[in-house]
Asks: 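This is the structure I have questions about; it appears just below.
Each residue takes its place number in the sequence, starting with 1.
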Amino acid sequence: MSDRATISSAVEADLMQLVALHRLLDFAISQSLEGNADDRILEGIVILTRMIGRKVRCVTSKLLDGESSCCD
């Protein structure tokens, strides 16, 4: 018997989006640290940070409250 939890394909897609957003944030921060920071990169870092926060809250809500929660 396995205690492994299963997740829906919607939650799986949300998690994959979260990973992709994190990779974009990592790239933007590395560009900034290399001295390639202009206003667009800094704005992108802020936007990505907010998007990741929203997505984390959404996925957490889906996992804790059930699949009825909606993520955008």
Asks: Please enumerate all residues that pass salt bridge (Lys or Arg N to Asp or Glu O under 4.0 Å) together with Arg40, with sequence neighbours excluded.
Replies: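 So Arg40 forms a salt bridge (Lys or Arg N to Asp or Glu O under 4.0 Å) with Asp38.
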Asks: What pair of heavy atoms forms the shortest contact from Ile7 to Leu63, and how long is it?
Replies: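 Looks like CG2-CD2, 4.0 Å.
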Asks: Do Ile45 and Val19 sit in one hydrophobic cluster, given that two such residues count as connected whenever their side-chain heavy atoms are within less than 4.5 Å of each other, even indirectly?
Replies: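 Ile45 and Val19: separate clusters.
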Asks: State the CD1-CD1 distance between Ile52 and Ile47, to the nearest 0.5 angstrom.
Replies: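 It is 12.0 Å, given to the nearest 0.5 Å.
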Asks: Would you say that Leu18 contacts His22 through its side chain, given a criterion of any heavy-atom pair below 4.5 Å between the two side chains?
Replies: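 Answer no - side chains too far apart.
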Asks: Is Val46 linked to Met51 within one hydrophobic cluster, defined over Ile, Leu, Val, Met, Phe, Trp and Tyr using a side-chain heavy-atom separation of less than 4.5 Å?
Replies: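 No; tracing contacts between hydrophobic side chains, which count when under 4.5 Å, never links both residues.
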Asks: Can any side-chain N or O of Thr60 pair as donor or acceptor with the backbone N or O of Val56 at less than 3.5 Å?
Replies: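 Yes, the answer is positive, given that a donor and an acceptor are paired below the 3.5 Å cut-off.
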Asks: When rounded to the nearest 0.5 angstrom, what is the spacing between CG in Asp14 and OG in Ser9?
Replies: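 Asp14 atom CG to Ser9 atom OG measures 10.0 Å (nearest 0.5 Å).
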Asks: Please name all residues satisfying side-chain contact (heavy atoms from CB on, under 4.5 Å) with Gln31, sequence neighbours left out, ordered by chain then number.
Replies: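 Gln31: side-chain contact (heavy atoms from CB on, under 4.5 Å) contacts with Phe27, Glu34, Asn36, Ile41.
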Asks: Find the distance between CG (Leu21) and OG1 (Thr49) and round it off to the nearest 0.5 Å.
Replies: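 Separation between the atoms: 10.0 Å.
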